[in-house]
Each structure stands twice: as structure tokens, then as C-alpha cells.
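Worksheet for the structure shown next.
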Amino acid sequence: MLAAIVLALSPALAATSDPVRGVVKSAQEAVLSVDLNARVLETPVMTGESFTKDDVLLRFDCEIQKAEARAAKAHYSASKSAHNNNIELQQYGAIGEFDVRVSKAEMQKALAQAEAISARTKDCEIHAPFSGRVAELAINAFETPGPNQPLLKIVSSDEYEVQLIVPSSWLAWLQPGSEFEFVVDETGVRHQAAVRRLGAEVDAVSRTVPVIAGFTTLPAPVLPGMSGTAYFNQPAN
């Protein structure tokens, strides 16, 4: 788990490298939408509220879609019965192979339609893919969203990362595991963090490279979007 040990303030920070700026991000975040023409029935979790994995975040009024699914299932059942009946009739020479093949194709088509309509009803409830908090709710109860309209943004609340942009010359000594202090602007609190991943490409113009770091333990006073300054102890040459 990512996050940070909150350190006591001291008169100065021992750092042999230039400080660099960074921003706190959730390790997981998502903007959720659905391709469903239905009215929002309920918004169980509002902006700023917490939820756990698999909780219902949005619930839609899907009576029409569910009725269509039942009708499609009934049509498949009828098509299957007709195909089985044709197989029996063929055994008595009442119909030919062509009629059996046609009834089989109709049955398979009805099955595919029933499965497609049933799959759409799964969007009648949006479940949380991970535990976290609602960062933004863009729909209200009784509203009908447009196709693929962003409905809510969610962020994880138990795992944070620090995104930094550092000079590419630091690649001579910076590596995963390198530790540093990160001072959050909004709180003034210092946190211990360590590099997790180095960027795969150097910006040729600015001669910088992105770095993803993680806090050592969960930093309770920290929220995604906060900014800060990172102080590294550059190894002596």
C-alpha cells in the first residue's frame, strides 16, 4: 500500500539536489459511463462520500429493458422448440434438411439477440470497481443521460502516488527505491516517499523525465490533487 509517514517539522531539509515539484494522484481513478437509454432511479453515493468495492454507485429505471430481455428469452425458447420439432418431423420424412437448417439458424439468432439484450440490463446498476470516494457526480436522480455521457468520477482512497517531473540527468543516480521527502503545499507537512517507476521516455525539449513515487504509509492529511515539493538526497560522486 502506498502513502506516507508524517514527519515532525525540522528547521531545514538536508538535500543535495534541487527541489522538484509534484502532485498527488490516486493510484486508481475512473470516469464511469453507460450506453443505456434509461432514467436514473437512485444515486446512493454522493460527491465526497466513500464506498467499498462492488457497492452500487448508480441505479437506473430499466423496466423497459428488462421487459425486452424477457421477450427475447421467450422468443428464443419458442425458436428452440420449433427447431426440436423440426428435427422430429425430419425423422418421419415430413420435412427436409433445409427446413431443419433454417430453424436452427433462427434459433441461434434468437439466442444471440436474447444474450445481447440481457447483457445490456447489467448496466442498470453501476457497481464500484474498487474502494474509494466519489470525486464528481455529474448526474442526478430522475435525469436521463446521453449515450456514453460521463456520469461520475471515482478515485481510490487507500493508495496514493506522487507524480514528479525531474531532470533527465538524474537518471545517472535515480532509480526505483530512491527515497525523498515530499512537503505538501496545502498542509506544510513532510512525508517520506520512494520512487516506484521511472518514465519510459525523456522529453528532448525540456530534458526531463516523469517519475512515479509512492508514500511509505497512508498519509491521512493528503488528498488527490494536492501539490508539493520533493527533496532528494543525491548520492555523492
Side-chain angles (χ1 to χ4, degrees), residues 1-33 45-51 53 128-138 150-237:
M1 181 184 295
L2 299 178
I5 296 177
V6 178
L7 301 180
L9 295 177
S10 57
L13 289 170
T16 58
S17 63
D18 293 332
V20 294
R21 299 289 294 168
V23 62
V24 178
K25 295 282 188 180
S26 291
Q28 297 184 88
E29 60 179 47
V31 177
L32 305 181
S33 64
V45 188
M46 305 302 290
T47 300
E49 293 184 338
S50 300
F51 56 83
K53 184 178 179 180
F130 51 80
S131 297
R133 299 176 66 185
V134 175
E136 181 181 359
L137 180 63
L151 302 178
L152 71 166
K153 179 180 180 180
I154 58 176
V155 296
S156 60
S157 57
D158 60 352
E159 193 171 352
Y160 297 140
E161 294 180 337
V162 179
Q163 296 185 3
L164 308 169
I165 300 295
V166 306
S168 58
S169 59
W170 287 17
L171 294 176
W173 56 269
L174 193 65
Q175 60 186 348
S178 297
E179 297 182 349
F180 62 95
E181 283 187 332
F182 187 73
V183 182
V184 177
D185 293 343
E186 288 80 359
T187 64
V189 178
R190 298 174 184 172
H191 304 272
Q192 286 288 347
V195 173
R196 300 192 73 198
R197 304 184 301 277
L198 302 177
E201 186 177 37
V202 172
D203 187 302
V205 177
S206 63
R207 299 181 64 84
T208 58
V209 62
V211 170
I212 304 299
F215 294 108
T216 307
T217 56
L218 184 63
V222 174
L223 292 174
M226 289 184 172
S227 301
T229 304
Y231 297 87
F232 285 83
N233 289 319
Q234 182 176 350
N237 295 329

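Please read these numbers as outputs of a predicted model, since none were measured by experiment.
Only one option out of I165, V202, V166 pairs with T208 in a side-chain contact (heavy atoms from CB on, under 4.5 Å); it is I165. With L152 as the partner, the side-chain contact (heavy atoms from CB on, under 4.5 Å) test is satisfied by one option alone out of T47, L32, V45: L32.
No donor-acceptor distance shorter than 3.5 angstrom exists from the side chain of S156 to the backbone of S26, with no hydrogens or angles considered. Looking only at distances, no side-chain donor or acceptor of S33 sits under 3.5 Å from a matching main-chain atom of L151. Listed for the T229 side chain is no donor-acceptor partner under 3.5 Å among the backbone atoms of V183. R21 places a side-chain N or O within 3.5 Å of a backbone atom of G228 that can act as its donor or acceptor partner.
With a 4.5 Å cut-off on side-chain heavy atoms, P129 and I154 count as touching. Side-chain contact between L174 and L198 is present, with at least one heavy-atom pair separated by less than 4.5 Å. Looking only at side-chain heavy atoms (C-beta outward), Q192 and E181 come within less than 4.5 Å of each other. Between F130 and D158 there is no side-chain heavy-atom pair separated by less than 4.5 Å. Side chains of V134 and M46 form no contact here, defined as non-hydrogen atoms less than 4.5 Å apart. Residues P167 and V20 are in side-chain contact: their nearest non-hydrogen atoms beyond the backbone lie under 4.5 Å apart. Looking at heavy atoms from C-beta onward, P224 lies out of side-chain contact with K25 at the 4.5 angstrom threshold. Contact of the V184 side chain with the V189 side chain is not registered, since no non-hydrogen atoms from C-beta on lie closer than 4.5 Å.
Between Y160 and L223, the closest heavy-atom pair is OH-CD2, 4.5 Å. Between G177 and A194, the shortest heavy-atom contact is O-CB, 4.2 Å. The shortest heavy-atom contact between S157 and R133 is CB-CG, 4.0 Å. A230 and L164 get closest at one heavy-atom pair: CB-CD2, 3.9 Å. What you find for V195 and F180 is that their closest heavy atoms are N-CE2, 4.1 Å. Among all heavy-atom pairs drawn from R196 and P176, the shortest one is O-CB, 3.8 Å.
If you take CD on E159 and OG on S131, they are separated by 11.5 Å, rounding to the nearest 0.5 Å.
Aromatic ring pairs are classed by plane angle as parallel below 30°, tilted from 30° to 60° and perpendicular above 60°; the pair W173 and W170 is tilted.
A 6.0 Å sphere centred on CD of E179 holds no more than 12 heavy atoms belonging to other residues, nucleotides or ligands.
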